[in-house]
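Let me begin by presenting the structure, written as structure tokens, before commenting on it.
Bear in mind that the values here come from a model prediction, so they are computed numbers and not experimental data.
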Amino acid sequence: GVAYSVDISREKRREEILNIITSQEYDLIALIHLKDETVEAYFLGETLPAHYRSLLPAPGAVYDLHAFRRRAVEQSIHPADREAYSLYSDPDHYRPLMDQGQAFQFTLRECPPEYGGAVRYRRFQHFYLGGDRDTILVVESDVTEASLRQLKELEKAKAETDRIRDIMDS
């Protein structure tokens, strides 16, 4: 009895630790089941936009893959990135790429209503699970801060390049 309860509390602590670590980095971890064309929630982070949570309210929840992608386009993907999302999130597009390198990722803009229309950057990563080619692990993260830092650095580099070009032209 005592050993069993120690194992359970150890398992609960391990689960708690993994939850904390996972929620620091990821908004959504899900499985795409290609045979039945569904998305199954595995982990839902606290910062996951409400539109995703309405479709996948709890770990274990399952939703139609095509309807999930369509709702993302309608409800949160930035208008300028909708066509790219429709292509990149299509298994017919990314599976051949994954067959060459085991993983596929992309980053796009979205405008979740709870951010008042502000642009957020979301990274989508797709992985095969071992030799199983019918189940794909999808990991989604809000990478807004890192993306904005990169954009600022690019703008600084461009400004410096323009400044040097002006000096050389004069």
Side-chain angles (χ1 to χ4, degrees), residues 18-115 117-158:
L18 285 175
N19 237 0
I20 290 168
I21 292 167
T22 305
S23 64
Q24 296 295 311
E25 193 68 31
Y26 309 111
D27 287 341
L28 175 66
I29 298 175
L31 298 174
I32 293 177
H33 300 286
L34 295 170
K35 280 184 181 167
D36 51 5
E37 299 182 327
T38 58
V39 180
E40 176 188 357
Y42 186 79
F43 171 83
L44 305 165
E46 291 176 20
T47 57
L48 182 67
H51 123 250
Y52 292 103
R53 197 173 291 283
S54 72
L55 305 179
L56 298 169
V62 176
Y63 200 80
D64 177 79
L65 174 61
H66 303 291
F68 184 85
R69 293 174 55 231
R70 193 170 43 255
R71 294 271 302 268
V73 166
E74 293 167 359
Q75 295 184 5
S76 73
I77 300 298
H78 188 282
D81 287 351
R82 288 178 178 163
E83 194 175 311
Y85 175 82
S86 294
L87 174 66
Y88 296 157
S89 67
D90 183 347
D92 290 338
H93 172 76
Y94 61 75
R95 282 184 76 194
L97 300 169
M98 289 177 65
D99 288 340
Q100 295 170 11
Q102 297 295 309
F104 175 67
Q105 77 173 12
F106 60 95
T107 301
L108 294 176
R109 294 166 293 178
E110 63 179 5
C111 303
E114 60 266 40
Y115 287 97
V119 172
R120 309 293 298 170
Y121 290 82
R122 176 168 290 284
R123 181 176 57 214
F124 302 81
Q125 298 172 286
H126 298 72
F127 305 92
Y128 280 131
L129 291 174
D132 181 0
R133 294 298 191 244
D134 291 318
T135 303
I136 294 173
L137 175 68
V138 180
V139 179
E140 296 185 17
S141 315
D142 183 324
V143 293
T144 302
E145 280 71 30
S147 295
L148 291 176
R149 264 195 315 276
Q150 283 180 328
L151 287 171
K152 270 187 185 161
E153 288 171 15
L154 284 172
E155 286 171 11
K156 278 184 191 174
K158 185 186 178 315

Between Arg133 and Asp99, does the side-chain contact (heavy atoms from CB on, under 4.5 Å) criterion hold? Intermediate values first, please. CA-CA 9 Å; Arg133 294 298 191 244; Asp99 288 340; 3.9 Å; yes
Return the [atom1] to [atom2] distance between [X] and [Y], rounded to the nearest 0.5 Å.
X: Tyr128; Y: Leu137; atom1: OH; atom2: CG; answer: 13.0 Å
X: Glu114; Y: Ser76; atom1: CD; atom2: OG; answer: 8.5 Å
X: Arg123; Y: Thr144; atom1: CZ; atom2: OG1; answer: 11.0 Å
X: Ile29; Y: Leu48; atom1: CD1; atom2: CG; answer: 11.0 Å
X: Asp27; Y: Phe43; atom1: CG; atom2: CZ; answer: 8.5 Å
X: Leu55; Y: Asp64; atom1: CG; atom2: CG; answer: 10.5 Å

Kindly say whether [Y] contributes a backbone atom to a donor-acceptor pair with the side chain of [X] at under 3.5 angstrom?
X: Arg71; Y: Tyr52; value: no
X: Asp134; Y: Lys35; value: no
X: Arg69; Y: Ser86; value: yes
X: Glu110; Y: Arg122; value: no

Determine the interplanar angle of the His126 and Phe104 rings, folded into 0 to 90°, and report it as parallel if under 30°, tilted if 30 to 60°, perpendicular if over 60°.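 Tilted.
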State which residue, out of Tyr26, Tyr94, Tyr85, fulfils the ring pair (Phe, Tyr, Trp, His ring centres under 6.0 Å) condition with Phe124.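 That would be Tyr85; it is the only one of Tyr26, Tyr94, Tyr85 passing the ring pair (Phe, Tyr, Trp, His ring centres under 6.0 Å) with Phe124.
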Just one of Ile32, Leu56, Val62 clears the side-chain contact (heavy atoms from CB on, under 4.5 Å) bar with Glu40, so which one?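 So, applying the side-chain contact (heavy atoms from CB on, under 4.5 Å) to Glu40 and each of Ile32, Leu56, Val62, only Val62 qualifies.
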Under the side-chain contact (heavy atoms from CB on, under 4.5 Å) criterion, do Leu31 and Leu129 qualify, and how do the steps go? CA-CA 10 Å; Leu31 298 174; Leu129 291 174; 3.8 Å; yes
Where do Val143 and Thr107 land on the side-chain contact (heavy atoms from CB on, under 4.5 Å) test, with the steps shown first? CA-CA 8 Å; Val143 293; Thr107 301; 3.8 Å; yes
Taking the side chain as every heavy atom from C-beta outward, state whether Ser89 and Val73 have any atom pair closer than 4.5 Å.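 Contact flag for Ser89/Val73 side chains = no.
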Work out which heavy atom in [X] is nearest to a heavy atom in [Y]; give both atom names and the distance.
X: Leu44; Y: Arg53; result: CB-NH1, 3.7 Å
X: Ala103; Y: Phe127; result: CB-CD2, 3.8 Å
X: His78; Y: Cys111; result: CD2-SG, 3.6 Å
X: Ala118; Y: Pro112; result: O-CD, 4.2 Å

Please check if atom [atom1] in [X] has more than 12 non-hydrogen atoms from other residues, nucleotides or ligands closer than 6.0 Å.
X: Tyr63; atom1: OH; result: yes
X: Glu83; atom1: CD; result: no
X: Tyr88; atom1: OH; result: no

Evaluate the criterion side-chain contact (heavy atoms from CB on, under 4.5 Å) for residue pair Arg95 and Ile136; output intermediate values, then yes/no. CA-CA 9 Å; Arg95 282 184 76 194; Ile136 294 173; 4.1 Å; yes
